[in-house]
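Reviewing the structure listed below.
Per chain, numbering begins at 1; letters A, B, ... match sequence-line order.
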Amino acid sequence: MNTFETLDYDVLVIGAGGAGLRAAIEASAAGVKVGLICKSLLGKAHTVMAEGGVAAALANVDDRDSWKVHFADTMRGGQYVNNWRMAELHAREAPDRVRELEAWGAVFDRTKDGRILQRNFGGHRYPRLAHVGDRTGLELIRTLQDYGIHRGIDVHMEFTVVSLLTSSGQAAGVIGYERERGRFKVFRAGAVVLATGGAGRAYQITSNSWEGTGDGHALAYQAGADLMDMEFIQFHPTGMIWPPSVRGILVTEGVRGEGGILLNKEGRRFMFDDIPDAYKNQTATDEEEGWRYTQGDKSAKRPPELLTRDHVARCIMREVKAGRGSPHGGVFLDIAWIKKKLRNADEHIKRKLPSMYHQFKELGDIDITKEPMEVGPTTHYIMGGIRVDGDSQMSSIPGLFAAGECAAGINGANRLGGNSLSDLLVFGKRAGEHAAAFVKTHSRAGVDDAQAARAMGDALRPFDAAAGGGENPFTIQTALQDMMQRHVGIVRNEAEIQQALVELEALKVRAARAAVTGHREYNPGWHTAIDLSNLLTVSEAISRSAIERKESRGGHFREDYPDRKPEYATFNIVTRRKADGSMEVVRVPLPPMPDELKQIIEEQKA
Amino acid sequence: MTRASFKVWRTDDSGGGHFADYTVDVVPGMVVLDAIHQIQATAAPDMAVRWNCKAGKCGSCSAEINGNPRLMCMTRLNTLNQLEPITVEPMRAFPPIKDLVTDVSWNFRVKQTITPFTPRPADAPDGTWRMRQQDVDRVQEFRKCIECFLCQDVCHILRDHHLHDEFIGPRFLTFAAALEMNPLDAADRVPALKEQHGIGYCNITRCCTKVCPEHITITENAIIPLKERVVDRYFDPVTKLFRMFQS
């Protein structure tokens, strides 16, 4: 039984969303042998769900935009705990990555003079998001997929990695199984790039697909890498809340970018009630000015609906808690009102927001050109992740790289909309490039067969547990999601997070006894048992980091410490595995920012 | 709370299969995929099904519901007759793997045979291009495709005649159209469409267009224009004249 097929690569990329595909393309261009592992079929990764656009200071719509403004917007959105080097590289390189996509076949919406069109989005000072209606993620992943399949990359679809293999402290490969037959394979590699996306499935209400179980986070952590800032979870302000079966599905920020407004049950546009000081100078003073901004008037300031996601989510929670919410526990998002301002508003909405029109019509039986939507916050994105070097994307384990959502740094405490797709491109490329360079300059670590065999044995344990009458893994996963939603959700306090840690210990005991029936071939119960172990690791890292940060910043809101504290802007919170298997939490000082970047931030505050 | 019964295709270890009966608690707004998940979480944890986004954007959860090719995540139970059992079975044009999951790898191999996007030289000195939105609109319709392969499933040339070696199917004719009609593309796929991709097999029954969950007008907007390009290139002038008078 303890046998497995072995394959050899120079660079092995885990995850085939935007970051993984971009990394694989870049590594392949460097002339090394590349393997790409997808958990689902190629082209189905969560990147397809990204709607609004890709942020890049092309300055096609507003020539006041530049990488410097984008850098300052990103740092302010992330409340200054970002990795400034990543924020700088991201802002500088995103325009080239977007133009490159067009050269590879992407077809973006156009300006009147035929260039790539850009739209408004929360936290971005100028219209900056290159987009394709509201299906930009699909355009991005399909372009990378179609370009990548001609680059000699070996794609392994529907393959689940269960363990990262290391030798002498260096990444050596992975072991996992192909879903179709349940057979194990070992991939030996000179360098491994993790591009596994997020962990939103730790929560009950989420926009994430089944794949978002923090696999890369957990694989890296178990192998000894550092996780950073795991307390920063983004709750996207607008998820669908009705009907119940679609709760959590995303409603793009593009709706607000195109002029959509948020109303409470009294019909009051509540976002004008609380505008943070840091944004006062750049926010519209009245409804009329906000509307002009969404229609491209350069003299107007943005409407408060386009403040950062953390702030909008909290304002919605405030309305709901005060009893001013919509019938199903959210608020109203209204784009239909623009018919007062625009002729052909119906057609305009359908052209600018086709997926949203389609989604509400088919899932909710609601025509968004005529009626408001009901929306509420949904778990969307994890800003924290694997701690990496800003330039190379290498983790604390030599030869192990990370890019995209599973890597930490660029977003700080809160990610601006549109910065995710550009992050994938910029740092996917960098990870692929540096992984290939690493392979060329380092000798390879060998794979220890005993380590692989142990990992295989662990992965198969749920089949043995069935004999003892163990528990259904789906039941345990639901219990975990419910617990995290209640105790470590949008509004947190010390007592509840401590309670979460107690409940996590009990869930770990239950998960160890999770049992699956049937055989190994395409067995969702088995996959869920393996995902569960990753979710538990990630949930513990989120909870422990959330206790350590005794302030409120970005996506992390503590009702027992509702204010930001300056001393908490001087370090990141790192979690790592100690020799005895327990999780330690340490504060790592932020590296000092160069004066020229400080100056850019000051200049942009005006 | 009401209950609905389902007949879901389960494969046997012998390689065959049967419809298994399940009962599901129905809540408002529920879709077929919710029902499948409920069955999985309670009665059949090893039931194989593909899904990712649950919002009609990834195209993973294709199946045949009451005999119609649909996305499970976009099929609301209140649009189906709940007095009768609802049948859910895998796509029948592809080899079965297990339960609702089929082997769609052929599609990925086909895509590699199509000449990739090949841009013309840049329009501006900075290496960028200029395109009009109205030229882009035409291609963007095809680029909405989520690769659910329901059009391939329903195409009788693949489903009934199994001509997979000679015909790329509606999905990849649409893909070829997206490349051919891209304002920047400079490659020529017309000879390949005729010789290797089997466009002549399509006799425009419009089944693909009817099942497309993205409402892409596959037949009229993609396949017929490509057929016209093939005809213009390969048919003699008399036929061309005749066609002009006809239209």
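- Between B/Arg50 and A/Tyr522, some side-chain heavy-atom pair lies under the 4.5 Å cut-off.
- Inter-residue side-chain proximity for A/Leu41 and B/Phe108 is flagged as met; some heavy-atom pair is nearer than 4.5 Å.
- Only the side chain of A/Asp146 comes within contact range of chain B, with at least one heavy atom under 4.5 Å from a heavy atom of that chain.
- Contacts between residues 54-62 of chain B and chain A, counted as heavy-atom pairs separated by less than 4.5 Å, involve B/Lys54, B/Ala55, B/Lys57, B/Cys58, B/Gly59, B/Ser60.
- Only the backbone of A/Trp104 comes within contact range of chain B, with at least one heavy atom under 4.5 Å from a heavy atom of that chain.
- When heavy atoms are compared at a cutoff of 4.5 Å, B/Ile146 approaches chain A by way of both its backbone and its side chain.
- In terms of non-hydrogen atom pairs under 4.5 Å with chain B, the most contact-rich of A/Leu250, A/Leu363, A/Asp113 is A/Leu363.
- Contacts of A/Leu42 with chain B are made by both backbone and side-chain atoms, with heavy-atom separations under 4.5 Å.
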- Task: For side chain to side chain contact (heavy atoms under 4.5 Å, CB included), just list the numbers for B/Phe117 and A/His150, CA-CA rounded to whole Å, side-chain angles, deciding distance to a tenth of an Å, and then say yes or no.
- Result: CA-CA 11 Å; B/Phe117 174 71; A/His150 298 284; over 6 Å; no

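- Heavy atoms closer than 4.5 Å to chain A are found in the backbone of B/Val49, but not in its side chain.
- B/Asp46 places no side-chain N or O within 3.5 Å of a backbone atom of A/Gly525 that could act as its donor or acceptor partner.
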- Steps toward side chain to side chain contact (heavy atoms under 4.5 Å, CB included) verdict (A/Arg110, B/Gln134): CA-CA 9 Å; A/Arg110 315 310 293 183; B/Gln134 63 197 92; over 6 Å; no

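- Taking A/Gly133, A/Pro243, A/Gly114 one by one and counting their heavy-atom pairs under 4.5 Å with chain B, the maximum is reached by A/Gly114.
- Of the two parts of A/Glu158, only the side chain, counted from C-beta on, holds a non-hydrogen atom closer than 4.5 Å to a non-hydrogen atom of chain B.
- Here the CD atom belonging to A/Glu362 is positioned 4.5 Å from the NE2 atom belonging to B/His215, to the nearest 0.5 angstrom.
- Listed by chain and number, the residues in a side chain to side chain contact (heavy atoms under 4.5 Å, CB included) with B/Asp13 are A/His519 (sequence neighbours excluded).
- Atoms CE and OG1, on B/Met131 and A/Thr111 in that order, are 10.5 Å from each other to the nearest 0.5 Å.
- Proximity to chain A is limited to the side chain of B/Pro119, based on heavy atoms less than 4.5 angstrom apart.
- Looking at A/Met240, there are no atoms closer than 4.5 Å to chain B (heavy atoms on both sides), in backbone or side chain.
- Residue B/Arg132 touches chain A through its backbone alone, counting heavy-atom pairs closer than 4.5 Å.
- Among A/Glu521, A/His46, A/Glu139, A/Lys112, the residue making the largest number of heavy-atom pairs under 4.5 Å with chain B is A/Glu139.
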- Go through the steps to decide whether A/Glu102 and B/Leu184 satisfy the test side chain to side chain contact (heavy atoms under 4.5 Å, CB included), and finish with yes or no. CA-CA 9 Å; A/Glu102 185 152 282; B/Leu184 303 190; 4.1 Å; yes

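- Considering all non-hydrogen atoms of both residues, B/Glu147 and A/Lys44 come closest at O-NZ, 2.7 Å.
- Highest contact tally toward chain B, considering only A/Val246, A/Val132, A/Asp365, A/Thr528, is held by A/Asp365 [criterion: heavy-atom pairs under 4.5 Å].
- For chain A, the nearby part of B/Val139 is the side chain; its heavy atoms alone come within less than 4.5 Å.
- For A/Thr143, the parts lying near chain B are the backbone and the side chain together; criterion is any non-hydrogen pair under 4.5 Å.
- Annotation for A/Pro524 and B/Ala48: closest pair CG-CA, 3.9 Å, computed over non-hydrogen atoms.
- Taking chain A as the reference chain and counting heavy-atom pairs below 4.5 Å, the highest number among B/Gly29, B/Pro45, B/Gly127 is found for B/Pro45.
- Residue B/Asn52 touches chain A through both its backbone and its side chain, counting heavy-atom pairs closer than 4.5 Å.
- For A/Tyr147, no part sits under 4.5 Å from any heavy atom of chain B, backbone or side chain.
- When all heavy atoms of A/Arg201 and B/Trp51 are compared, the closest pair comes out as NH2-CH2, 3.7 Å.
- With chain B as the partner, the residue from A/Arg135, A/Arg115, A/Arg99 showing the most heavy-atom pairs under 4.5 Å is A/Arg135.
- For A/Ile249, the part sitting under 4.5 Å from any heavy atom of chain B is the side chain, from C-beta outward, and nothing else.
- Per-residue heavy-atom pair counts under 4.5 Å with chain B were compared for A/Arg142, A/Glu211, A/Gln359, A/Glu180, and the maximum is reached by A/Arg142.
- With a 4.5 angstrom heavy-atom cutoff, B/His37 does not touch chain A via any of its atoms.
- Counting heavy-atom pairs closer than 4.5 Å to chain A, the top residue among B/Val101, B/Leu179, B/Thr128 is B/Val101.
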